[in-house]
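Written below as structure tokens is the structure these notes are about.
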Amino acid sequence: MDKVYKHQDVEKKWYELWEKRGYFTPKVEPKKKPFCIIMPPPNANGSLHIGHAMFLTIEDIMIRYHRMLGDSTLWLPGADHAGILTQVVFERKLEKEEGKTRYDLGRDEFFRRCMEFTLSNKKIMENQMRAIGASCDWNRTSFTLDPKFNKPINMTFKKLYADGLLYRAKRMINWCPRCSTALSDLEVIYKEQKDPLYYIRYGPFVLATVRPETKFGDTAVAVHPKDKRYQRWIDKEFEFETLIGKAKMKVIGDDAVDPKFGTGVVKVTPAHDPVDFEMGQRHGLETKRVIDFDGKLNDKCGKYKNLNVYKARKIVAEDMQIQGLLEKVDENYTHSVAICERCKTIIEPMVSLQWFVKAKPLAEKAIRAVKNEEIKIIPKRFIKNYLIWMENIRDWCISRQLWWGHRLPVWFCGTKNLSELQLTMNPSLPKSNGCGEIVVSVNPPNSCPKCQNKNLIQDPDTLDTWFSSGQWPFTTLDFGQSNSKLTDFNYFYPTSVMETGYEILFFWVARMVMLGIYMTGKIPFEVVYLHGLVRDAFGEKMSKSKGNVIDPLNIIERYGADSLRMALIFGTSTGRDVKLGESKIEAMRNFGNKLWNIGRFIKINIDKFKEQNIKIREFNTKSDRKKLSAENKKILSQLGMLTQGVTREIENYNFAASAERLYKFIWHTFADKYIESVKEKLRQNDDETLSVTIYTYSSCLKLLHPFMPFITEEINFSLTRRDKPLISSHWS
RNA sequence: GGAUCGUUAGCUCAGCGGUAGAGCACUGCAUUCACAUUGCAGGGGUCGUAGGUUCAAAUCCUACACGAUCCACCA
């Protein structure tokens, strides 16, 4: 053994050997118990970051442990096309490198280029996963936008549609003017910001608003029904002066109005505000669109037409000031605005014709599965989060006006039933007459089933990326692809553990539970294990702009993957954010060094015994145990406790606790105490002691292998020269 | 507004009913010995605050303070 452990050479060597010999690929053996983790597919729009290293480590620990237990163990890797995010990332790249927009390329070319970009990222990412030591089955690697997934995804779409759980409707949606797409409620985040609050005059009323530019779309004024100041006005109409002439408006009474806010009077703009939309529905108000999908005022706004909302806001306020319609302005008003999660543009709420999943019926089963503990969530405190979200679930808008994603399996007979939005956004669509029939079909239909027209137009919209990834646990296992009895799906589904970050509990986990149960009749996984965010040493979120990003590959180069893996789980607590600084990684590298040197010490002794032709007895725990010296008995009993402890902690998903036990035992019990106390005996060629030392050490290597696979494998090989790698050895 | 989590040694965190623990940092000593990516020894905490339950409380309960996160339609 070399004096110094050289992870650079060792890690690559072992990974190649493991992969080449097929240890990552399980045999489907009906008699054997399966253990299966479907990897959360990383977004293929960049390289791996430390958060990926985190889940890869945790999952690899479970996978290696179960493989060593003898379970038929499948870890299925993949990559996510990550619809909107990738489109945004690629558009930025296009802008930066070529000065082009997606419109310059056109839809087909944009899609092709984006696919090229994504697939090349995927390849890079896969090699990065290898560098971390992820022992996943590359034969089954999947990509969410692989055409082979069209069929199962379309099947789901069709079934939902047939069951009345998927509908097309004109609803209030979150519109991102930059991405030019509708977003689900989850894809919107809120940001505190200071905006002027304008007190504007509406005939007899003064009311407060941050959006005076939407006044052209107002179709009522609302007050609280019990507000004594205004009660007499309810249901009455009033006439008043606006910037573009006289107008008439009705006063409504609605509980949604907070009498304590502003003057207690609000303008109601059903077309451009979610609360107002609901009020409009309750009171039968007209929904008057005044902002177009490009974020500009339309021709209902008179001379303000074509101004974008922010410019319009300023000008409208100024003009109102001039006309004496502006009472006062509160410049210190703070509120939160909705922004696009991915590109941070302020959301424009719009009424639009989109596809929605009726979520409640799906949620009911998803709630039951968790309540009756068919699905366990670890740590437990997330159960409440999950249940509260599920119980208050709202319909899910799944259509996107993006180019990067699965197309909706919807065909229109002629352009008649395409939405106005779709027609404007897709000017190249063939103008054709048809009966307007809407066909939902798994495969492209040849002709309209109603009028036999052959010119069907596929819905230009794409699916929310989470709609397809929400089916990942069964689509990757070839659900519905084969009639054979021994498919991956039949064997590995429901999968064992879904390990992922708590931040996508709703986005992903919740959807997988709903769609998994809906399509397969079974839960998609038995356990949900949620890990926390990796933060920097000071608890700050890592970000490129802050410059505090720890690049896992850089760390692996300098300290080795084992050190990084150990640092990511040592001293952590399930589901809590992890603070990671370089000193921790260094400490784990030192531990590896300690482990290495124990190995060297033992090897030196083995060699010495061999030189002197002293036979090292093969140690048999059962029969020889009683005859051993006191200290040998003691270390073996401590080892027994360690084995039990480590096993129990892994079974309980306390990976940190098991790693800490191993660290403590190997360094402070075995090296510092036992080996130090036994040195003299080894000098005197005591073969019993050497044999116990080897046995104890080998057992430690095995227990440590899931955590630090490379160094343990290398030492094990150097010590035994046997062609039986740890990856395939038996746990205990 | 609702919910959740956290507050324990200088730092990061474990412990979650029975005489305060780990890693890092710190101090002193050691070093041709497998390892200075080391060893030995040591300093350092009335476990956020105030009440309560208990023979016994970091540990259970109740308030409060501070910090963080999530959810919600703050015009």
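Side-chain atoms are counted along with the backbone in the values below, which use heavy atoms only and exclude waters and symmetry mates.
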Do [X] and [Y] come within less than 4.5 Å of each other through their side chains, counting heavy atoms only?
X	Y	result
A:Asp258	A:His224	no
A:Asp235	A:Lys250	yes
A:Glu213	A:Tyr304	no

Looking only at atom [atom1], what distance separates [N] and [M], rounded to whole Å?
N	M	atom1	value
B:A14	B:G23	P	16 Å
B:G1	B:G17	C1'	36 Å
B:G44	B:U32	P	32 Å
B:G67	B:A34	C1'	46 Å
B:C60	B:C66	C1'	23 Å
B:U8	B:G48	C1'	10 Å
B:G52	B:G15	P	28 Å
B:G2	B:C73	C1'	14 Å

What is the distance, rounded to the nearest whole Å, between atom [atom1] of [X] and atom [atom2] of [N]?
X	N	atom1	atom2	answer
A:Trp389	B:C70	CH2	P	16 Å
A:Leu387	B:A3	CG	P	15 Å
A:Ile602	B:C35	CD1	C1'	13 Å
A:Asp185	B:A72	CG	P	7 Å
A:Asp577	B:A14	CG	P	12 Å
A:Glu582	B:G23	CD	P	21 Å
A:Lys380	B:U4	NZ	C1'	16 Å
A:Ile711	B:U37	CD1	C1'	11 Å

Distance below 4.0 Å between [X] side-chain N/O and [N] OP1 or OP2:
X	N	value
A:Asn385	B:C71	no
A:Ser583	B:C11	no
A:Lys594	B:A34	no
A:His668	B:G23	yes
A:Arg576	B:A14	yes

Considering every strand shown, what is the Watson-Crick or G-U wobble mate of [N] when both distances are under 3.5 Å?
N	answer
B:G21	B:C13
B:A50	B:U62
B:C29	B:G39
B:G45	none
B:A3	B:U69

Heavy atoms from C-beta onward define the side chain here; which of [options] lies closest to that of [X]?
X	options	answer
A:Asn590	B:C35, B:C74, B:U38	B:U38
A:Asn593	B:C35, B:C74, B:U38	B:C35
A:Lys579	B:C24, B:G39, B:C13	B:C13
A:Lys384	B:U4, B:U69, B:C35	B:U4
A:Lys679	B:U69, B:A22, B:C33	B:C33
A:Ala587	B:A3, B:C13, B:G23	B:G23
A:Phe506	B:U37, B:C71, B:A34	B:C71
A:Ile388	B:A34, B:U37, B:A3	B:A3

Students often get this wrong, so: under 4.0 angstrom with heavy atoms, is [X] touching a base, only sugar-phosphate, or nothing?
X	answer
A:Val210	sugar-phosphate
A:Ala256	base
A:Glu192	base
A:Glu586	nothing
A:Phe382	nothing
A:Asp258	base
A:Gly571	sugar-phosphate
A:Arg394	sugar-phosphate

May I ask you to verify whether the side chain of A:Ser336 and the base of B:C74 hold a donor-acceptor pair under 3.5 Å? yes
Is there a donor and acceptor pair, one atom on the side chain of A:Arg381 and one on the base of B:U4, closer than 3.5 Å? no
For [X], look at atom [atom1] and say whether over 12 heavy atoms of other residues, nucleotides or ligands are found less than 6.0 Å away.
X	atom1	result
A:Lys376	NZ	no
A:Lys608	NZ	yes
A:Glu503	CD	yes

First of A:Lys541 and A:Phe570 reached from the 5' end of RNA chain B, by closest nucleotide: A:Phe570
Please confirm whether A:Lys328 makes a cation-pi placement over A:Tyr198, using NZ or CZ under 6.0 Å from the six-membered ring centre and within 45° of the ring normal. no
When you measure from the centre of the six-membered ring of A:Phe356, is the NZ or CZ of A:Arg171 closer than 6.0 Å and no more than 45° off the axis? yes
Determine the sole option in A:Phe506, A:Tyr502, A:Tyr529 for which the ring pair (Phe, Tyr, Trp, His ring centres under 6.0 Å) test with A:Phe382 is passed. A:Tyr502
Please classify B:A58 as syn or anti, treating any glycosidic angle within 90° of 0 as syn. syn
